[in-house]
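Model, not experiment: these values are computed from the prediction. Just so you know, residue 1 is the first one in the sequence shown, and it goes up from there. Just the heavy atoms: all of them, side chains too, but no hydrogens, waters or symmetry mates, feed the values below. Whatever order the structure lists them in is the order used to number ligands and atoms, beginning at 1.
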Amino acid sequence: MTEEQTNILDQLEAVRAEALEALRGAKDENDLLAWRARYLGKAAPVMAAFQQLRNAAPDLRPLIGQKANEVKNALEAALTEFGEQVKQARLRASLAGDKLDVTLPGRQPERGRLHPTTQTLREIYRIFAEMGFQVFQSTEVELDEINYGKLNFPLHHPARDMQDTFFTTDPDVLLRTHTSPGQYHAMRHFHPEPIRVILPGMCYRYEQVTYRSEIQFNQVELLVVGENVTFGDLIGTLEDFVHRMFTPDTHIRLRPNYFPFTEPSAEMDVECFICGGKGCQVCKHSGWLEILGCGMVHPNVLRNGGYDPEKYSGFAAGMGPERITMLKHHITDIRYFWGNDLRFLQQF
Ligand code: DAH
């Protein structure tokens, strides 16, 4: 081997030794990057050896090339291996050194809340409970015969058109259009005892959705049956309810109306809080908002329930908790209730 040969080969070996030594001193990724630039970058001695191949004597080229390749590969392998060790060491150090700070505040989970209608329903339950009413649950899927027939809606009578109906595939079965069919169930359940119940729940009507009406809404039905129950009892009960629900000086008014299952029948309005009685889109510019229908239970309905109308009388009412919520909170559009918009729901 010539002197020139040994020189270059020795130099490459020396570079390898120096580089590996230097690598062991690397402490972090920055050191590794600097090392890489220095020993494997364009100007690194190994790379320079490749450049010099051109000038070397032809018979030396394979030897030098081989050596240079060997050193370069060795350095690259060392970098990969040592780089991994540096990363692991750093991770171990940070796990050991940086203690988990459990005093840091955690992320607040979003807290749910009761839907405004549910809140109103609970308020209604509370008020009527104080007045001696119990809650009676009835079904949302109902027989046509009970939703209409037992409530004195004759078959094919135009009164059925007052409530656009969702029928099921079975024409005798429908989604209840109101909570009034619960009157029949309650009478059958309590007969022959006197009755004082409220019947809350979801009702469905296939009607155009506007700011006042939805196809799905809650109702709370009121039913009192006993001896000597009068229209005066009805008005007194409703007025008492309104005063407890709103304020003791809230005005109400009754307007005669027609319902097949009550006689006489009326609708009850409360003063529109949204406009203070001046008139707005919600109260149809009347200053009053209808919140319920009511009346004395029709003799046919009492009879269907098993009560002899000669001996018993009763009153009933059906109110809309969404309407009541609108009044209490000055909500101008009933569609918010099913809109599922948190900006609305979080206000209650
Ligand atoms: N069921 C009626 C409706 O949804 C409301 C109603 C009116 C209920 C008069 C009653 C009543 O109990 O007496 O339109």
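- Here the closest heavy-atom approach between residue Val225 and residue Val229 is recorded as C-CG2, 4.3 Å.
- In summary, the side chains of Tyr148 and Thr165 do present a donor paired with an acceptor at a separation below 3.5 Å, with no hydrogens or angles considered.
- Side-chain polar atoms of Asn147 and Glu142 form no donor-acceptor pair below 3.5 angstrom.
- Proximity of Leu222 to Phe315: side-chain heavy atoms (C-beta onward) are separated by under 4.5 Å at one or more points.
- Among residues two or more places apart in sequence or in another chain, the salt bridge (charged side-chain N to carboxylate O under 4.0 Å, His left out) test is passed with Glu227 by none.
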Report every pair formed by an N or O atom of ligand 1 and a protein N or O atom separated by less than 3.5 Å, giving atom names and the distance to 0.1 Å.
from: ligand 1; atom 1: 1 (N); to: His178; atom 2: ND1; distance (Å): 2.8
from: ligand 1; atom 1: 1 (N); to: Ser180; atom 2: OG; distance (Å): 2.9
from: ligand 1; atom 1: 4 (O); to: Arg205; atom 2: NH2; distance (Å): 2.5
from: ligand 1; atom 1: 4 (O); to: Gln219; atom 2: NE2; distance (Å): 2.8
from: ligand 1; atom 1: 12 (O); to: Gln183; atom 2: NE2; distance (Å): 3.3
from: ligand 1; atom 1: 12 (O); to: Glu221; atom 2: OE2; distance (Å): 2.6
from: ligand 1; atom 1: 12 (O); to: Ala317; atom 2: N; distance (Å): 3.2
from: ligand 1; atom 1: 12 (O); to: Ala317; atom 2: O; distance (Å): 3.4
from: ligand 1; atom 1: 13 (O); to: Ala316; atom 2: O; distance (Å): 3.2
from: ligand 1; atom 1: 14 (O); to: Arg205; atom 2: NH2; distance (Å): 3.3

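- The aromatic rings of Tyr336 and Phe344 sit parallel to each other, their planes meeting at less than 30°, with 60° as the upper class boundary.
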